[in-house]
Structure formats: structure tokens, C-alpha cells
Amino acid sequence: MSKRRTALVAVVALIAGAGALYAITAIAPVGPTRWGVSAETPPEKRWQAVAPGRIEACSGQIKVATAVVGVIQKVLVKTNDKVFAGEALIQLADDELRARLAAAETQVGLRERARDEKSATGSARTRRKALDAVADAERTLYDARSAVDRSAARRRAGGGSEADLTAARLAFTRAQNDLSTRQDELRTAEDDGALPTSLEGQLSIARSESAVARSVLDKMTVRAPIDGTVLQVNVRVGEVVSPGSPQPPLQLADLSALCVRAELDERDLGSVRSGQAVTVRAAAFPDREFEGSVQSIAPLVEPGHLELPGSRNQAELDVVRVTVGLTGAGDLTIGMKADVYFRSDKVASP
């Protein structure tokens, strides 16, 4: 074979090999990310960085605990129930405390009658009326909260209406505002510096003891700290609970706003900024994309925790935690695995 023909064959072979390599590269998908979500990049999109994460409520998952040790008498909600801030969730046994409150209220009544046998004039009379107004407002507020609890319980049992609950909550709000007003008036009346009489002092002590009894009794009701949805109920009637229980009685979260808590490799930190647009892909929905933007970037580099087995050692991967707010969570659920693709083309609109 001539040298010329040999050279021609070599050139043809090189061209054929290059074409085959190009074809393989073009059709081969980019390998999966740490969560197994396809990281294939469409031609029209480019990513500054990719980070694994989990779907969470932006409010966080709130572990609701009891303030005191007690025996559960009633569990008033169940998983997936929507609750409002201040709603009663769990009722602890409180018969003894209710008896103590009744005794304290009896003492208040006796001291009030004894005091009223002595008339007061001028600034002393004004102060007396202000003290009575505050005491009445405190009792009204306590009764209004109890009315809200009853209305909420009836609605959940199917025997009450939303309108009744709304009316009870409005009455409770009015009672709060009235108490604040009466307390302001009392502070003004006490500015005269006049000392209370012996009977007034005894009444004041009795009222304080009654207020303490109401406060202790109220702690037997576990209430929702925010508007949200019950995620877990971990207790049953008859169980003993305490503030130090390893498992909280309930967990709840505000599901109206979902976020992704992502772990960004520290080497990609310079490619990510607050407000940056992102695309989120969840392993549960491989054919769908969810949009969002970077809400915050933690000012701390720490070891990663989201690596899967077989990937780099967790101790060797340092990450920055990035919070991504989702503009449309759709079917995403708290706890789902997801990958965050940080867009390079724009910053999300406010």
C-alpha cells in the first residue's frame, strides 16, 4: 500500500472516531445529582450551581410542648387539622386546679364586700374604681378565652359553626383591648401616691392569688403558637407528659409557604446571591420543575449532612446552608428530597 493511500485511510479513521465520540457525548445524560434527580441541562438553561436540599415549611416545624407535668385528659385535634394561634390542642387533667380557683374567687368576693363597707372619696375612690375595673376586665378576658375554647371544640365535633367561633374570637380580642385600657387608667389613678387601706390591701392579695390560680390553670391547656397545620400527634388520653419529654406531644407548621433548605458546596458560594432565581426539581416529581428564589444565605460554613452513601465523605464536604423560597409549591410536601438549580440568567422579581 502506498504512503499516500495509508495516510488517506488514517484521516478517514480519525474523522469516523471523532464523529462516534461526539454522538455518544450528545446522547449520554449528565449523571444524577446527590438525590438521584436528573441533572441533565436543557440547551436553553445554564446553572451557576446545584445543591441538594429538603422541602420545609418556611415557618419551620414547631414542636409544641407542655409547660407543666400532667395527665392528658383530651386530645382536641388530629393530624392535618388546621388550627389558629391560641387554639386549644391538648387539655391536661385540671380538676384540682379548678377547685383552687373557685376557692380563690370566693375569697375575693368576701374581701370585696368587707372593703365596700368602708366608703372612699376623692382620689381614693377613683383608684378603687380603677382597681375594680381591671379585676373585672381580667375575669372577662378569662371567660372570653374559655368561650373560644368551647366554640372551637364544638366546631371540631360538628356541633358548632364557623360564625360562632368567629364571634367568640372577636369577643376575646375586645376583652384584651378593654383590659389594656383599664390597666392604663389604673396606672394614671395610682400616680397620686395615696397608700391603700388595710382592707384594700387584703383584697389586692386575694385578687393576686386568684390571678395566679387562673394562670396555673391556663397552663393545663396546650395551645397553638401560630396559625398552621398539625403534622403529628404523638400522645393519647391518659399519658403523662412533661416539658422535658423526649418526643413533643404535637408538631405543627404553617404550610401556606414552603421553602427548600439546601446545602451549597462552599466552592460555589461565589456563584449564588440573595434574590437569585432558582429551579427546583424533586425526586417525587421527576418531570416537573418548581420556581423560586434565594431568600437567605447563612454566614457560616459547616460540614454537610445531605450526602448519600457512596458519595464524598460528609466530613470532607463543607457547605453553606441556603434558604430558597418557592413561588408555587404545588404538590410538594415537607420532608421531600429536592435539588436546587441556581439560575445564571436573572434575579427573581420581588
Side-chain angles (χ1 to χ4, degrees), residues 21-61 231 253-350:
L21 180 61
Y22 176 79
I24 292 173
T25 304
I27 63 175
V30 178
T33 65
R34 283 177 273 173
W35 286 133
V37 183
S38 174
E40 182 180 356
T41 303
E44 73 278 6
K45 293 183 179 179
R46 293 180 304 159
W47 317 115
Q48 291 286 77
V50 182
R54 285 190 182 271
I55 308 299
E56 294 185 3
C58 296
S59 66
Q61 292 179 221
L231 302 180
D254 179 6
L255 301 185
S256 63
L258 296 185
C259 294
V260 182
R261 309 288 183 186
E263 292 188 351
L264 178 71
D265 193 318
E266 65 169 332
R267 295 170 298 184
D268 295 325
L269 183 57
S271 303
V272 175
R273 62 195 182 283
S274 182
Q276 184 171 352
V278 304
T279 295
V280 175
R281 295 178 183 173
F285 304 104
D287 299 325
R288 296 172 61 182
E289 293 185 345
F290 304 87
E291 301 302 317
S293 61
V294 176
Q295 286 188 345
S296 65
I297 302 172
L300 175 67
V301 176
E302 54 187 326
H305 298 288
L306 296 182
E307 285 289 340
L308 290 179
S311 60
R312 291 178 58 191
N313 189 294
Q314 291 182 2
E316 296 178 356
L317 182 66
D318 291 328
V319 300
V320 175
R321 302 194 186 281
V322 177
T323 301
V324 169
L326 296 170
T327 55
D331 298 319
L332 295 176
T333 301
I334 289 178
M336 277 185 176
K337 300 172 183 178
D339 281 318
V340 178
Y341 296 78
F342 297 88
R343 301 282 295 271
S344 59
D345 53 346
K346 64 178 181 178
V347 172
S349 300

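- When every heavy atom of P52 is checked against every heavy atom of D339, the shortest pair comes out as CA-OD1, 3.3 Å.
- With sequence neighbours left out, D331 forms a side chain to side chain donor-acceptor pair (under 3.5 Å) with R288.
- For the atom pair CG (L231) and OG1 (T333), the distance works out to 10.5 Å, reported to the nearest 0.5 Å.
- No side-chain heavy atom of F342 sits less than 4.5 Å from a side-chain heavy atom of D268.
- A side-chain donor-acceptor contact under 3.5 Å links S59 to the backbone of D254.
- Among all heavy-atom pairs drawn from S344 and W47, the shortest one is OG-N, 4.5 Å.
- Listed for the Q276 side chain is a donor-acceptor partner under 3.5 Å among the backbone atoms of R343.
- Partners of S296 according to the side chain to side chain donor-acceptor pair (under 3.5 Å) rule, which considers only residues two or more places apart in sequence or in another chain, are T323.
- In this structure, D318 CG and E263 CD are separated by 10.5 Å, a value rounded to the nearest 0.5 Å.
- Closest of all the heavy-atom pairs between V280 and A338 is CG1-CB, 3.8 Å.
- Counting heavy atoms from C-beta outward, I297 and L269 have side chains that approach closer than 4.5 Å.
- Interatomic distance, R281 CZ to D287 CG, rounded to the nearest 0.5 Å: 10.0 Å.
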Can L264 and V319 be said to form a side chain to side chain contact (heavy atoms under 4.5 Å, CB included), step by step?
CA-CA 5 Å; L264 178 71; V319 300; 5.8 Å; no
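- Closest heavy-atom contact between L332 and L258: O-CD1, 3.6 Å.
- Listed by chain and residue number, nothing satisfies the salt bridge (charged side-chain N to carboxylate O under 4.0 Å, His left out) test with E266 (two or more places apart in sequence, or in another chain).
- When all heavy atoms are compared, the tightest approach of Q295 to S274 is O-OG, 3.8 Å.
- Shown here for A57 and A253, the closest heavy-atom pair between the two residues is CB-CB, 3.7 Å.
- The main-chain N or O of R54 is never found under 3.5 Å from a side-chain atom of R261 such that the two would form a donor-acceptor pair.
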